[in-house]
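Here's the structure we're looking at; comments come further down.
FYI, side chains are in, hydrogens and waters are out, and symmetry mates aren't considered; it's all heavy atoms of this structure. So that the names make sense, note that chain A is the first sequence line, chain B the second, and so on, each numbered from 1. This is a predicted model, so every value here is computed, not measured.
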Protein chains: 2
Amino acid sequence: MQAAEAEWTPSQCRARDILDRIGDKWSLYVIATIGDGTKRFNQLKREIDGISQRMLTVTLRGLERDGIVTRTMYPVMPPRVEYSLTELGRTLLENVTAFVLWAERHVDEIEAARARYDARAAEEVEPFA
Amino acid sequence: MQAAEAEWTPSQCRARDILDRIGDKWSLYVIATIGDGTKRFNQLKREIDGISQRMLTVTLRGLERDGIVTRTMYPVMPPRVEYSLTELGRTLLENVTAFVLWAERHVDEIEAARARYDARAAEEVEPFA
DNA sequence: CTGTATCCAAATCGATACTG
DNA sequence: CAGTATCGATTTGGATACAG
């Protein structure tokens with residue numbers, strides 16, 4: 001397709017499906033919320049605003065499959081399951097944290113940019129109303 | 001909503017909608033593909049594998065609105081439009097790049113983890129087949 | 001070339017009910 | 001408590017047609 005394209009692009013490399021996974025709706029939050037510690041299922045559910053039981057399960061399974069999260073089940077009643085990051089997961093956590101910090105640092109700047117953009121768009125519709 | 005929640009979690013902070021934006025399907029690739037340079041619309045479309053015209057437009061508008069991408073239009077025929085990162089966008093690019101590099105560095109490890117997980121899952125269905 | 005508009009298919013997601 | 005199963009609503013996204 002892009003045989004003439006000598007340059008490397010992220011969307012064409014082998015890491016694509018890994019990037020896609022992290023780019024899903026919840027993985028980033030799950031990783032950030034587990035953090036350095038150990039968390040139980042419902043604890044995560046409470047702390048991640050808006051996530052449904054289903055999506056937490058699906059996301060955790062995906063991260064477990066990728067070797068980013070470990071799942072430890074204690075065969076007691078009621079069941080107790082603990083999640084924490086693997087060593088690999090903790091290297092990813094550094095990136096996630098950097099990213100969250102970036103967002104925090106620039107939240108005002110971005111909201112201002114949005115306001116400017118929206119005002120500009122409204123103006124173009126009604127220039128001098 | 002979460003007034004009783006004293007603890008800070010990334011999913012409840014003001015940066016939430018910013019993180020959500022970057023976590024969409026294409027933003028990361030668009031940012032990485034524009035990179036330090038300047039790219040035209042169809043150039044991006046060619047280099048980002050699998051993106052449709054519609055989604056490239058939608059993603060670029062979102063990034064432009066957030067002040068991450070600038071759009072420069074030359075009023076010629078045929079139209080020529082160039083996209084590049086703003087200063088803010090370039091600070092984000094650093095995070096994106098770190099993230100892409102992380103994925104590249106660990107792609108083998110993750111694929112191995114996936115294979116292990118899948119083998120394990122198959123085993124549990126047919127323990128000694 | 002760089003879009004916008006419309007329509008439709010598919011994936012995603014949340015609510016609910018149920019299980020060990 | 002920690003899930004699984006199912007279903008319907010919503011969202012997303014691709015294909016197509018068309019415009020400046």
Open item on the list: Taking 4.0 Å as the cut-off, does a side-chain nitrogen or oxygen of A:Y83 come that near to OP1 or OP2 on D:dG3?
Closed with: yes
Open item on the list: Between the opening five pairs and the closing five pairs of the helix from C:dC1-D:dG20 to C:dG20-D:dC1, how far apart are the helix axes, to 10°?
Closed with: 50°
Task: A:E82 CD - D:dA2 C1' separation (whole Å) - done: 13 Å
TODO: Mind listing the closest non-hydrogen atom pair of B:L85 and B:G35 along with its distance?
DONE: CD1-O, 3.3 Å
- [ ] State whether a side-chain donor-acceptor pair under 3.5 Å links B:Y29 with A:R16.
- [x] yes
TODO: Applying side chain to side chain contact (heavy atoms under 4.5 Å, CB included), run through B:L88 and A:I110 and close with a yes or a no.
DONE: CA-CA 9 Å; B:L88 176 62; A:I110 290 174; 3.8 Å; yes
Open item on the list: Does anything in residues 61-76 of chain A come within less than 4.0 Å of DNA chain D? Heavy atoms only, and list the residues if so.
Closed with: A:R61, A:R71
- [ ] If a protein heavy atom is under 4.0 Å from the base, mark B; if only from the sugar-phosphate, S; if neither, -; do that for nucleotides 5-13 of chain D going 5' to 3'.
- [x] --------B
Task: Candidates A:D36, A:I34, A:I68 - the one meeting side chain to side chain contact (heavy atoms under 4.5 Å, CB included) with A:L93 - done: A:D36
Open item on the list: Could you check whether B:K25 pairs with A:D20 (Lys NZ or Arg NE/NH1/NH2 to Asp/Glu carboxylate O, under 4.0 Å)?
Closed with: no
Task: Where B:S52 and B:K45 come nearest, the two heavy atoms and their spacing - done: C-CE, 4.3 Å
TODO: Would you mind reading off the distance between A:L44 atom CG and D:dG3 atom P, rounded to a whole angstrom?
DONE: 10 Å
Task: Rounded distance (Å) that lies between atom P of D:dG3 and atom CZ of A:R40 - done: 10 Å
Open item on the list: Looking only at side-chain N and O atoms, does B:T86 offer a donor or acceptor that is under 3.5 Å from a partner on B:T70?
Closed with: no
TODO: Identify the two heavy atoms, one from A:N95 and one from B:F99, that lie closest to each other, and give their separation to 0.1 Å.
DONE: OD1-N, 3.9 Å
Task: Of all pairs that satisfy salt bridge (charged side-chain N to carboxylate O under 4.0 Å, His left out), the ones with a partner from residues 66-87 of chain B, not counting sequence neighbours - done: A:R114-B:D66, B:R21-B:D66, B:R80-B:E82
- [ ] Would you give the length of the straight line joining atom CZ of B:R65 to atom CG of B:L60, rounded to the nearest 0.5 angstrom?
- [x] 15.0 Å
Open item on the list: Could you check whether any side-chain N or O of B:E64 sits under 3.5 Å from a backbone N or O of B:R61, counting only pairs where one atom can act as donor and the other as acceptor?
Closed with: no
Open item on the list: With heavy atoms of chain B within less than 4.0 Å as the criterion, where does contact along DNA chain C begin and end?
Closed with: C:dC1 to C:dT4
TODO: Name all residues meeting the side chain to side chain donor-acceptor pair (under 3.5 Å) criterion together with B:D24; count only those two or more places apart in sequence or in a different chain, and write none if there are none.
DONE: B:S27
Open item on the list: As an exercise, state the distance from CG of A:L92 to CD1 of A:I31, rounded to the nearest 0.5 Å.
Closed with: 4.0 Å
